[in-house]
Amino acid sequence: MELYLIRAYFEGGTNGRIEVDGELICYAIELLWRNNERRVSCIPEGRYALRKRYSKRFDWHLEVMGVADRSFILFHPANDALKELNGCIAPVSQLTGMGRGTASRMAFSKLKELVYPKLERLEEVFLVVES
């Protein structure tokens with residue numbers, strides 16, 4: 001399965017749509033593009049494998065694998081990219097501004113319900129990031 005993150009870049013953050021087979025799943029917020037610098041930039045456009053990951057801070061979430069010169073790029077809930085993200089991707093239900101959205105936990109839940117069964121069946125799931 002391939003998830004498409006279609007981005008729009010703004011001065012105050014990066015907004016996107018997450019789609020599967022042309023169907024909107026949720027929106028996404030990220031940091032600005034700052035040349036893929038750790039903790040301050042969104043990741044480069046490209047195709048990346050996803051995997052399930054657990055941490056005490058975020059419980060079960062998704063990790064984006066194979067990002068050049070980066071590690072621990074996660075999908076996790078957040079509603080304000082500049083205040084809550086360090087290079088990760090936050091699903092949101094609605095976009096409310098540049099790098100901002102609402103109901104992130106609800107959007108993240110919807111994304112996990114779609115992706116986790118595939119990963120548990122050992123199917124590959126990829127994230128394709130484009131603008």
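Just so it is clear, the values below take in all heavy atoms, side chains as well, and ignore hydrogens, waters and symmetry mates.
- Arg70 pairs by the side-chain hydrogen bond (donor to acceptor under 3.5 Å, both in side chains) definition with Asn36, not counting sequence neighbours.
- The distance from atom OG of Ser93 to atom CG of Asn79, rounded to the nearest 0.5 Å, is 8.5 Å.
- One hydrophobic cluster, built from ILVMFWY side chains closer than 4.5 Å, cannot hold both Val92 and Leu3; they sit in different ones.
- Counting heavy atoms from C-beta on, the side chains of His61 and Tyr54 never come closer than 4.5 Å.
- Atom CZ of Arg39 has 12 or fewer neighbouring heavy atoms from other residues, nucleotides or ligands inside a 6.0 Å radius.
- Within 6.0 Å of the CD atom in Gln94, the count of heavy atoms belonging to other residues, nucleotides or ligands does not exceed 12.
- No side-chain donor-acceptor contact under 3.5 Å links Asn15 to the backbone of Ala28.
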*Evaluate the criterion side chain to side chain contact (heavy atoms under 4.5 Å, CB included) for residue pair Ile89 and Leu127; output intermediate values, then yes/no.*
CA-CA 11 Å; Ile89 304 166; Leu127 175 68; 3.9 Å; yes
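- Criterion: ILVMFWY side-chain heavy atoms under 4.5 Å apart, direct or through other members. Under it, Leu85 and Leu62 are not part of a common hydrophobic cluster.
- Screening residues 101-115 for salt bridge (charged side-chain N to carboxylate O under 4.0 Å, His left out), with sequence neighbours left out, gives no hits.
- Pro77 and Ala90 make their closest contact through C-CB, 4.4 Å (heavy atoms, listed as atom of the first residue, atom of the second, distance).
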*Trp33 and Ser41: CA distance, side-chain angles, deciding distance, side chain to side chain contact (heavy atoms under 4.5 Å, CB included) verdict*: CA-CA 5 Å; Trp33 172 250; Ser41 176; 3.6 Å; yes
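- Salt bridge Lys118/Glu124: absent, no basic N to carboxylate O contact under 4.0 Å.
- You'll find the ring centres of Phe58 and His76 inside the 6.0 Å limit.
- In terms of hydrophobic clustering, with Ile, Leu, Val, Met, Phe, Trp and Tyr side chains grouped at heavy-atom distances under 4.5 Å, Val67 and Leu5 are assigned to a common cluster.
- Atoms CD and CD, from Glu130 and Glu45 in turn, are 7.5 Å apart once rounded to the nearest 0.5 Å.
- The hydrophobic clustering, which links ILVMFWY residues whose side-chain heavy atoms are closer than 4.5 Å, places Ile73 and Val115 together.
- Under the 4.5 Å side-chain criterion, counting only non-hydrogen atoms from C-beta, Arg53 is not in contact with Trp60.
- Rounded to the nearest 0.5 Å, atoms CZ (Phe10) and CG (Leu95) are 8.5 Å apart.
- Without hydrogens or angle criteria, Glu123 side chain to Leu119 main chain gives no donor-acceptor distance under 3.5 Å.
- Expressed to the nearest 0.5 Å, how far CG of Leu111 lies from CE of Met106 amounts to 14.0 Å.
- Taken from OH in Tyr116 to CG in Leu50, the straight-line distance is 10.5 Å, to the nearest 0.5 Å.
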*asked:* Run Arg17 and Tyr27 through side chain to side chain contact (heavy atoms under 4.5 Å, CB included) and show every step you take.
replied: CA-CA 4 Å; Arg17 300 168 48 92; Tyr27 297 96; 4.0 Å; yes
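- With a 6.0 Å radius and a threshold of 12 heavy atoms from other residues, nucleotides or ligands, Asp69 has its CG atom at or below the threshold.
- Of all heavy-atom pairs between Cys42 and Leu31, the closest is CB-O, 3.4 Å.
- In this structure, Ile43 is not a member of the same hydrophobic cluster as Ile29, with clusters built from ILVMFWY side-chain heavy atoms closer than 4.5 Å.
- The number of heavy-atom neighbours closer than 6.0 Å to CZ of Arg121, taken from other residues, nucleotides and ligands shown, is above 12.
- The salt bridge (charged side-chain N to carboxylate O under 4.0 Å, His left out) contacts involving residues 20-38 comprise Arg7-Glu30, where partners must be two or more places apart or lie in separate chains.
- Listed by chain and number, the residues in a ring pair (Phe, Tyr, Trp, His ring centres under 6.0 Å) with Tyr9 amount to none (sequence neighbours excluded).
- Legend: residues meeting side-chain hydrogen bond (donor to acceptor under 3.5 Å, both in side chains) with Glu2, ordered by chain and number and at least two apart, are Tyr4, Arg47.
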*asked:* Working note: Phe72 + Glu63, criterion side chain to side chain contact (heavy atoms under 4.5 Å, CB included); need CA distance, chi angles, decisive distance, verdict.
replied: CA-CA 7 Å; Phe72 300 108; Glu63 183 175 8; 3.9 Å; yes
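- Here the side chains of Phe75 and Pro91 are in contact, with some heavy-atom distance below 4.5 Å.
- Annotation: side-chain hydrogen bond (donor to acceptor under 3.5 Å, both in side chains) contacts of Glu11 (sequence neighbours excluded): none.
- How far CD1 of Ile18 is from CD1 of Ile6: 9.0 Å, rounded to the nearest 0.5 Å.
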